[in-house]
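Take a look at the structure below.
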Amino acid sequence: MERNKLLYEGKAKKMFQTDSPNRLIQHFKDDLTALNGAKKGSFNGKGAINCAISEILFKYLEGHYVPTHYIERANNTDMVVRKLEMFPIEVVLRNIAAGSMVKRFKIKEGEVLQTAVYELYLKDDKLNDPMINESHALAFNLATAEQMRTIAQIAKKVNALLRSFFERRNLLLVDLKLEFGHIDGEVYLGDEISPDTMRIWDKISNIKLDKDRFRLDLGEIDKGYKEILKRISNV
Ligand SMILES: Nc1ncnc2c1ncn2[C@@H]1O[C@H](COP(=O)(O)OP(=O)(O)O)[C@@H](O)[C@H]1O
Ligand SMILES: [Mg+2]
């Protein structure tokens, strides 16, 4: 499948049209951003690593009856996906306290949460992605009530599946961000699942292996991403 016109360039990926009106090519860039784009960086090979990690995880989820946009790999940095009408919502699941949760509440980083926390954010860089709840989503007509129920159901299932998937590889899934879209009303998991969109710690040492190495200037960002790919490959 060939790339045609560039449809959209975001912070971490480019979406291209293809010869098929219902398929896109999702290209993973080497760029890294944090603080809503204010902090920029990159490393050679990041796009390929994130493409590989996303592919492994999408295939794993498909194998467990999660509907995803993933169709096939096009090359090292590109995958063919179903074209979705995206919901402008970022869905966050948290198993262990970190990031904004630690700032917002009186809770220490690393504290294991009693049950997974499910959060919604409006995907709008200009507004700094404000937190919303289901009632905002309905009031703003972002999705139907049934779609919101499906999103919650799939998101919680994805979190449970991936948490144990990583646990078996001695990795802790601290939190993750998901994006959903629909085709004729039918909900699919879209976007990417990578160290840019998840917090992953080594289970023994609690060493951070994800984009926090970049956000917090911890160095050796590439090493963390490569370690995650190594541990989830060939199993
Ligand atoms: N299957 C899909 N169909 C259409 N759009 C998608 C699909 N998967 C992801 N997207 C959207 O494509 C863009 C991906 O590029 P990205 O660099 O992540 O952008 P952003 O900086 O806006 O997050 C996002 O806006 C995402 O919502
Ligand atoms: Mg994005």
Side-chain angles (χ1 to χ4, degrees), residues 1-28 50-74 78-94 116-125 129 131-165 173 175-194 196-198:
M1 187 148 283
E2 297 289 310
R3 283 188 198 171
N4 286 347
K5 202 181 123 226
L6 176 68
L7 196 66
Y8 177 79
E9 174 159 8
K11 298 186 290 289
K13 299 185 292 299
K14 290 181 185 173
M15 308 303 281
F16 293 92
Q17 280 174 342
T18 66
D19 293 336
S20 161
N22 42 29
R23 291 185 180 198
L24 297 178
I25 285 188
Q26 171 161 263
H27 166 79
F28 290 76
N50 277 6
C51 187
I53 291 173
S54 282
E55 179 185 35
I56 291 167
L57 299 179
F58 279 133
K59 281 183 175 167
Y60 180 75
L61 294 172
E62 283 283 350
H64 291 78
Y65 308 102
V66 173
T68 81
H69 70 160
Y70 176 83
I71 295 174
E72 62 185 18
R73 187 74 160 268
D78 297 15
M79 57 172 66
V80 183
V81 299
R82 288 176 230 277
K83 183 178 183 172
L84 306 179
E85 264 327 302
M86 298 303 289
F87 300 111
I89 296 173
E90 297 198 342
V91 178
V92 172
L93 285 123
R94 301 177 181 276
V117 171
Y118 175 75
E119 296 175 345
L120 301 173
Y121 295 86
L122 181 67
K123 189 171 161 71
D124 186 331
D125 284 342
D129 297 344
M131 192 189 235
I132 58 170
N133 63 32
E134 227 148 71
S135 120
H136 295 90
L138 299 182
F140 301 157
N141 206 18
L142 307 181
T144 67
E146 194 191 341
Q147 285 168 339
M148 290 312 296
R149 274 195 295 278
T150 307
I151 288 170
Q153 195 192 341
I154 298 176
K156 286 168 196 178
K157 176 173 173 177
V158 166
N159 179 52
L161 283 168
L162 294 186
R163 193 178 184 178
S164 47
F165 174 91
L173 176 60
D175 51 41
L176 90 154
K177 185 268 295 175
L178 302 171
E179 291 182 28
F180 292 86
H182 70 91
I183 302 171
D184 297 330
E186 210 59 42
V187 174
Y188 288 83
L189 176 61
D191 209 54
E192 68 182 296
I193 314 175
S194 76
D196 280 11
T197 61
M198 299 181 281

Next item on the list: Tell me, please, which residues at least two apart from Asp175 pass side chain to side chain contact (heavy atoms under 4.5 Å, CB included).
Entry: Arg94, Ala98, Arg199
Notebook entry, point to check: With sequence neighbours left out, what residues match Lys177 under salt bridge (Lys or Arg N to Asp or Glu O under 4.0 Å)?
Noted result: Glu179, Asp191
Margin query: Which heavy atom of Leu84 sits nearest to which heavy atom of Ile183, and what is that distance?
Written below: CD2-CG1, 3.5 Å
Note to self: Asn4: which residues meet the side chain to side chain donor-acceptor pair (under 3.5 Å) condition with it, sequence neighbours left out?
What the structure shows: Asp19
Name every donor-acceptor pair, under 3.5 Å, that has one atom in a side chain of residues 150-157 and the other anywhere in the protein, sequence neighbours excluded.
residue : atom : partner : partner atom : Å
Thr150  : OG1  : Glu146  : O            : 2.9
Lys157  : NZ   : His64   : O            : 2.9

Checklist line | Phe58: ring-ring contact (aromatic ring centres under 6.0 Å, His included) partners, not counting sequence neighbours | finding: His69
Notebook entry, point to check: Who passes side chain to side chain contact (heavy atoms under 4.5 Å, CB included) against Asp125, sequence neighbours left out?
Noted result: Lys11, Asn36, Asp129
Note to self: Checking the side chain of Thr197 only, and the main-chain atoms of Ser194 only, is there a donor and an acceptor separated by less than 3.5 Å?
What the structure shows: yes
Item checked: By salt bridge (Lys or Arg N to Asp or Glu O under 4.0 Å) - contacts of Glu62 (at least two apart) -> none
Check: Okay, side chain of Asn133, backbone of His136: is any donor-acceptor separation there less than 3.5 Å?
Finding: yes
Notebook entry, point to check: Has the side chain of Gln147 got a donor or acceptor atom that lies under 3.5 Å from a matching backbone atom of Val187?
Noted result: no
Check: Short question: side chain of Ser54, backbone of Glu192 - any donor-acceptor pair under 3.5 Å?
Finding: no
Notebook entry, point to check: Can you name the side chain to side chain contact (heavy atoms under 4.5 Å, CB included) partners of Ala139, sequence neighbours left out?
Noted result: none
Notebook entry, point to check: By ring-ring contact (aromatic ring centres under 6.0 Å, His included), which residues pair with His27, not counting sequence neighbours?
Noted result: none
Note to self: Counting neighbours of CD on Glu9 that are heavy atoms of other residues, nucleotides or ligands and sit closer than 6.0 Å, is the number greater than 12?
What the structure shows: yes
Margin query: Under the rule for salt bridge (Lys or Arg N to Asp or Glu O under 4.0 Å), what residues qualify as partners of Arg73, not counting sequence neighbours?
Written below: Glu55
Item checked: Non-neighbouring partners of Arg163 that pass side chain to side chain contact (heavy atoms under 4.5 Å, CB included), sequence neighbours left out -> Asn95, Val112, Leu173
Next item on the list: Considering non-hydrogen atoms only, spot the tightest contact between Met15 and Leu24 and give its length.
Entry: CE-CD1, 4.1 Å
Note to self: For Tyr118, give me all partners under ring-ring contact (aromatic ring centres under 6.0 Å, His included), at least two apart in sequence or on another chain.
What the structure shows: none
